[in-house]
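Below: one structure, written as structure tokens.
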Amino acid sequence: MKLLEINHLNKGFDGKTVLKDISMYVEKGEVVSIIGPSGSGKSTLLRCATFLETMDDGDLSYCEKQVVRSADGKAVYPSKAEMKEAKSKFSLVFQNFNLFPHFNVMKNVTDAPIHVMKRDKEEVFQEAHKILEKVGLSDKLNAYPFELSGGQQQRVAIARALVMNPEILFFDEPTSALDPEITAGILRIMKELAEEKMTMVIVTHEIDFAKAVSDRVIFMDGGLIVEQGKPSDVIDNPKHERTKAFLKKLSV
């Protein structure tokens, strides 16, 4: 089953095209990594997929139900109720954590499922305890973000995303604000999620990690999908000169 499908997405800012005719899909249980140089459109693609940016044109479906459709060269968005349903299908982990500074760890993790999703409070707290233990934070439930390291804050952000029970989990450069030692811990959690068949779309510059956990890799450059396929094809045996040049720079 395709949990996400995007067809012919176009997006521009101030007359400058940022995404050109992007088509991609994500099957249930798949890990798809998106790699490419800075400014290639990776994060904008993720922001369009999660409705933080509006598409200029194109179609977008979640769980094989069309959410955004193209009509007369423009993207048409549905009603608030349909948008809310579509938003319930995914969670997003940001590069810079985006925690509420005035909430402790437990409240950061449980606030949305209780107040937005209107789920049973006790059930959410039980689930949050399990997830926080899984990410190694069971001793930090009452700590506030300023009392945590960057790596711990990112773990809270991952726990917050997981407690929403998403069909698909998006990561936007989840380790770029962290030092290498802390990065290893975050990547380990993500690898465990991949092993548990969590469906994930990961924008990352960690090429070795992408190669190890991904079912498919998408290489973007200049707002285009230049190449996509298995990690062994795209990373080990790229066909396009732009992909080769990008990977060569990283290995120097």
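Geometrically, Lys11 engages Phe13 in a cation-pi contact, judged by NZ or CZ lying under 6.0 Å from the ring centre and within 45° of the ring axis. At least one test fails for Lys89 against the ring of Tyr62: distance under 6.0 Å to the centre or angle within 45° of the axis.
In this structure, Phe246 is not a member of the same hydrophobic cluster as Val32, with clusters built from ILVMFWY side-chain heavy atoms closer than 4.5 Å. Linking ILVMFWY side-chain heavy atoms closer than 4.5 Å, directly or via other members, places Leu46 and Met24 in a single hydrophobic cluster. Cluster membership for Phe219 and Ile22, using ILVMFWY side-chain heavy atoms within less than 4.5 angstrom, is not shared. Residue Ile158 is grouped with residue Leu187 when hydrophobic side chains (ILVMFWY) are merged at heavy-atom distances under 4.5 angstrom, including chains of intermediate members. Hydrophobic clustering of Ile, Leu, Val, Met, Phe, Trp and Tyr side chains at less than 4.5 Å, counting indirect connections, unites Leu9 with Phe170.
Of all heavy-atom pairs spanning Ala159 and Val135, the tightest one is CB-CG2, 4.3 Å. Here the shortest heavy-atom pairing between Pro231 and Ser214 reads CG-O, 3.2 Å. Annotation for Ala194 and Val213: closest pair CB-CB, 4.3 Å, computed over non-hydrogen atoms. In this structure, Ala128 and Met106 approach most closely via the heavy-atom pair CB-SD, 3.8 Å. Between Asp215 and Gly29, the shortest heavy-atom contact is OD2-O, 3.9 Å. Minimum heavy-atom separation, Pro37 to Met220: CD-O, 3.3 Å.
A side chain to side chain contact (heavy atoms under 4.5 Å, CB included) with Thr243 is found for exactly one of Ile35, Asn237, Val217, Val226, namely Val226. Screening Arg216, Lys197, Lys230 for a salt bridge (Lys or Arg N to Asp or Glu O under 4.0 Å) involving Glu30 leaves a single residue, Arg216.
When atom types are taken as modelled, the side chain of Asp56 and the backbone of Gly12 share a donor-acceptor pair closer than 3.5 angstrom. With hydrogens and angles ignored, the 3.5 Å screen pairs no side-chain donor or acceptor of Asn7 with any backbone N or O of Ser23. Remark: the backbone N or O of Asp21 is paired with a side-chain donor or acceptor of Asn10 at under 3.5 angstrom.
Counting only heavy atoms from C-beta outward, the side chains of Val109 and Ile131 never approach each other to under 4.5 Å. With contacts defined as side-chain heavy-atom distances shorter than 4.5 Å, the pair Leu178/Phe97 qualifies. With a 4.5 Å cut-off on side-chain heavy atoms, Thr110 and Val163 do not count as touching. Taking the side chain as every heavy atom from C-beta outward, Leu148 and Val105 approach each other to under 4.5 Å. Ser91 is not listed as a side-chain neighbour of Arg160, based on a closest heavy-atom distance of 4.5 Å or more. Side-chain atoms of Gln153 and Asn108, non-hydrogen and from C-beta on, never get closer than 4.5 Å to each other. Side-chain contact between Glu167 and Lys28 is present, with heavy atoms from C-beta onward closer than 4.5 Å. Inter-residue side-chain proximity for Leu162 and Leu193 is flagged as met; some heavy-atom pair is nearer than 4.5 Å.
Within a 6.0 Å radius of CD in Glu64, other residues, nucleotides and ligands contribute more than 12 heavy atoms. The number of heavy-atom neighbours closer than 6.0 Å to CG of Asp236, taken from other residues, nucleotides and ligands shown, is above 12. Sparse packing is recorded around NZ of Lys84, with 12 or fewer heavy atoms of other residues, nucleotides or ligands lying under 6.0 Å away.
Using cut-offs of 30° and 60° for the angle between ring planes, the Phe100 and Phe103 rings count as tilted.
Between atom CD of residue Glu195 and atom CD of residue Glu192 there is a gap of 7.0 Å, rounded to the nearest 0.5 Å. Taken to the nearest 0.5 Å, the CE atom of Met164 stands 11.5 Å off from the NZ atom of Lys87. Between Thr175 atom OG1 and Ile186 atom CD1 the span is 8.5 Å, to the nearest 0.5 Å. A distance of 11.0 Å separates CD1 of Ile182 from CD of Gln154, quoted to the nearest 0.5 Å. The CE atom of Met190 sits 4.0 Å away from the CD1 atom of Ile202 when rounded to the nearest 0.5 Å. Rounded to the nearest 0.5 angstrom, Asn96 CG and Glu173 CD are separated by 10.5 Å.
A donor-acceptor pair shorter than 3.5 Å cannot be found between the side chains of Ser61 and Glu5.
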Legend entry - Leu45/Ile218 under side chain to side chain contact (heavy atoms under 4.5 Å, CB included): CA gap, chis, key distance, verdict: CA-CA 12 Å; Leu45 172 56; Ile218 292 171; 5.9 Å; no
Inset, instruction - Could you walk me through whether Tyr77 and Glu82 pass side chain to side chain contact (heavy atoms under 4.5 Å, CB included), step by step? - result: CA-CA 9 Å; Tyr77 281 76; Glu82 287 174 279; over 6 Å; no
Inset, instruction - With side chain to side chain contact (heavy atoms under 4.5 Å, CB included) as the test, would you mind laying out the steps for Val67 and Phe51 before giving the verdict? - result: CA-CA 11 Å; Val67 183; Phe51 310 123; 3.9 Å; yes
Legend entry - Asn165/Arg119 under side chain to side chain contact (heavy atoms under 4.5 Å, CB included): CA gap, chis, key distance, verdict: CA-CA 11 Å; Asn165 293 326; Arg119 282 174 53 197; 3.4 Å; yes
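Residue pairs satisfying the salt bridge (Lys or Arg N to Asp or Glu O under 4.0 Å) criterion with at least one member in residues 217-226, sequence neighbours excluded, are listed as follows: Asp221-Arg242.
For Glu227 and Lys239, the salt-bridge test fails: no basic side-chain N is under 4.0 Å from an acidic carboxylate O. In summary, Lys130 and Glu133 do not engage in a salt bridge, as defined by a charged side-chain N under 4.0 Å from a carboxylate O. A salt bridge is absent between Asp172 and Arg47; no separation between the charged side-chain nitrogens and carboxylate oxygens falls under 4.0 Å.
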